[in-house]
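First up is the structure itself, then whatever we jot down about it.
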Amino acid sequence: MDEQQFDRLKKVSAKSFNDQKALIKKVLAGRDMPCQQCGTSIRVVLPEDKATTGLYCAKGCTNIALDFVL
Ligand SMILES: [Zn+2]
């Protein structure tokens with residue numbers, strides 16, 4: 001990987017990380033946010049059953065663990 005490719009990769013991952021943080025904030029604030037891939041609502045799943053707390057859509061294509069945020 002040359003330096004230019006690395007720079008581009010850094011920018012892309014920073015952007016998607018920020019997008020993810022913005023999405024998490026909206027969902028935690030009670031906003032109804034559709035999954036970008038399947039369009040079903042994204043829900044917050046709390047770890048009653050010791051599953052990882054996270055944001056999940058009905059089909060599972062959105063799957064964001066929250067442990068790195070909280
Ligand atoms: Zn989905």
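In listed order, ligands and their atoms are each counted from 1. Computed over heavy atoms, backbone and side chain alike; hydrogens, waters and symmetry mates excluded.
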Notebook entry, point to check: Under the side-chain contact (heavy atoms from CB on, under 4.5 Å) test, which residues partner K25, sequence neighbours left out?
Noted result: none

Item checked: Separation of T62 OG1 from L55 CG (nearest 0.5 Å) -> 8.5 Å

Check: Ignoring water, what protein N, O or S atoms are under 2.8 Å from the Zn ion (ligand 1)?
Finding: C35 SG, C38 SG, C57 SG, C61 SG

Notebook entry, point to check: How many angstroms lie between SG in C57 and CD1 in I64, if you round to the nearest 0.5 Å?
Noted result: 9.5 Å

Margin query: Among residues at least two apart in sequence or on other chains, which ones pass side-chain contact (heavy atoms from CB on, under 4.5 Å) with Q36?
Written below: none

Check: Rounded to the nearest 0.5 Å, how far apart are NZ of K26 and CD1 of I42?
Finding: 10.5 Å

Which pairs of donor and acceptor atoms, one on a side chain in residues 5-18, lie under 3.5 Å apart (sequence neighbours left out)?
residue, atom, partner, partner atom, Å
Q5, OE1, D2, N, 3.1
S13, OG, L9, O, 3.1
S13, OG, K10, O, 3.2
K15, NZ, D19, OD2, 3.0
S16, OG, S13, O, 3.3
N18, ND2, A14, O, 3.4

